[in-house]
Student: 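A single structure is presented below for examination.
The shown structure was predicted, so the numbers you read here are calculated from the model rather than taken from an experiment.
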Amino acid sequence: MIFSTCNQYSIKGIFLILLLMISTTFIQAQKADLSFSIHLKKANLKEFIFEIEKASGYSFIYGEEIIFKHPITLSLRKAPLSLILQKAFAGQNISFKINKNHIILRGVL
């Protein structure tokens, strides 16, 4: 009887773990395909980051080596996050990488 109860809990536990893994993967896939509109005129890096974090739920990681050369002016409608970042950092000597819930910025020499 005890063995039977343990088996039921084990099967339920395995099922719950699989369900959580699948839902987490689905949520991450949805987030990676995230599209939204953004309209900025002569925004500095902090303003740009604030708008992206507010719209996407991602957070930025970057150090003092990031040199921001010129303001960002963007007007994109329902654009994927990666396209928004590419356009924002074009000509800035800044590269980015999206990793889980973070956008990592690096200076390019």
Side-chain angles (χ1 to χ4, degrees):
M1 177 114 169
I2 294 174
F3 183 72
S4 173
T5 305
C6 288
N7 244 355
Q8 287 177 337
Y9 287 125
S10 295
I11 292 171
K12 287 179 183 178
I14 291 170
F15 179 74
L16 181 61
I17 290 170
L18 288 173
L19 184 63
L20 287 172
M21 288 172 57
I22 291 168
S23 65
T24 302
T25 303
F26 177 72
I27 290 169
Q28 287 180 347
Q30 274 187 319
K31 202 168 181 183
D33 295 336
L34 179 67
S35 293
F36 56 93
S37 299
I38 186 165
H39 305 284
L40 294 170
K41 188 170 184 177
K42 296 184 180 181
N44 64 34
L45 183 61
K46 287 184 181 183
E47 292 168 333
F48 174 74
I49 287 173
F50 175 78
E51 291 298 322
I52 297 296
E53 287 180 341
K54 183 174 71 170
S56 70
Y58 283 88
S59 61
F60 281 77
I61 299 173
Y62 62 100
E64 293 179 12
E65 77 279 0
I66 298 299
I67 299 171
F68 197 68
K69 291 185 176 184
H70 55 273
I72 296 173
T73 298
L74 282 177
S75 186
L76 298 169
R77 186 166 184 211
K78 293 185 181 179
L81 176 61
S82 59
L83 178 65
I84 292 171
L85 294 169
Q86 286 172 3
K87 293 213 177 260
F89 297 132
Q92 293 279 12
N93 291 333
I94 298 173
S95 68
F96 67 90
K97 179 180 179 183
I98 300 173
N99 186 2
K100 295 185 182 179
N101 295 328
H102 305 289
I103 299 168
I104 303 165
L105 302 182
R106 292 192 178 125
V108 180
L109 298 175

Student: Rounded to the nearest 0.5 Å, what separation is found between the CD atom of Glu53 and the OG atom of Ser59?
Tutor: 6.0 Å

Student: Donor-acceptor pair, Asn44 side chain versus Glu47 backbone, under 3.5 Å?
Tutor: yes

Student: Any heavy-atom pair between the side chains of Ile98 and Tyr58 that's under 4.5 Å?
Tutor: yes

Student: Do Leu40 and Thr73 make a side-chain contact, defined as non-hydrogen atoms from C-beta onward lying under 4.5 Å apart?
Tutor: no

Student: Are the side chains of Ile72 and Lys41 in contact, using a 4.5 Å heavy-atom criterion?
Tutor: no

Student: Quick check: does any side chain N or O of Gln92 sit under 3.5 Å from a backbone N or O of Phe68, one acting as donor and the other as acceptor?
Tutor: no

Student: Roughly how far, to the nearest 0.5 Å, is CG of Leu34 from OG of Ser82?
Tutor: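 Here the interatomic distance stands at 10.0 Å.
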
Student: Under 6.0 Å from the CD1 atom of Ile67, do we count more than 12 heavy atoms belonging to anything else shown?
Tutor: no

Student: Looking at side-chain heavy atoms only, is the closest gap between Phe96 and Gln86 below 4.5 Å?
Tutor: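 Yes, their side chains come closer than 4.5 Å.
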
Student: Is the shortest side-chain heavy-atom distance between Ile94 and Val108 below 4.5 Å?
Tutor: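 Result no, sub-4.5 Å side-chain heavy-atom pair not found.
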
Student: Does some side-chain heavy atom of Lys87 sit less than 4.5 Å from a side-chain heavy atom of Leu76?
Tutor: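 They are in side-chain contact.
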
Student: I need the His70 NE2 to Lys42 NZ distance, nearest 0.5 Å.
Tutor: 12.0 Å

Student: Given Ile61 and Leu105, is the side chain to side chain contact (heavy atoms under 4.5 Å, CB included) satisfied, shown in steps?
Tutor: CA-CA 6 Å; Ile61 299 173; Leu105 302 182; over 6 Å; no

Student: Quick one: pull up CG in Leu74 and CD1 in Ile84 and give me the separation to the nearest 0.5 Å.
Tutor: 7.5 Å

Student: Does Ile103 reach the side chain of Ile52, with side-chain heavy atoms less than 4.5 Å apart?
Tutor: yes

Student: Determine whether Phe36 and Ser56 make a side-chain contact, defined as any pair of heavy atoms from C-beta on separated by less than 4.5 Å.
Tutor: yes

Student: Hey, could you give me the CD1/CZ distance between Ile38 and Arg77, rounded to the nearest 0.5 Å?
Tutor: 14.5 Å

Student: Can you say whether the rings of Phe48 and Phe60 are parallel (under 30°), tilted (30 to 60°) or perpendicular (over 60°)?
Tutor: perpendicular

Student: Which heavy atom of Gly91 sits nearest to which heavy atom of Lys69, and what is that distance?
Tutor: O-CD, 3.9 Å

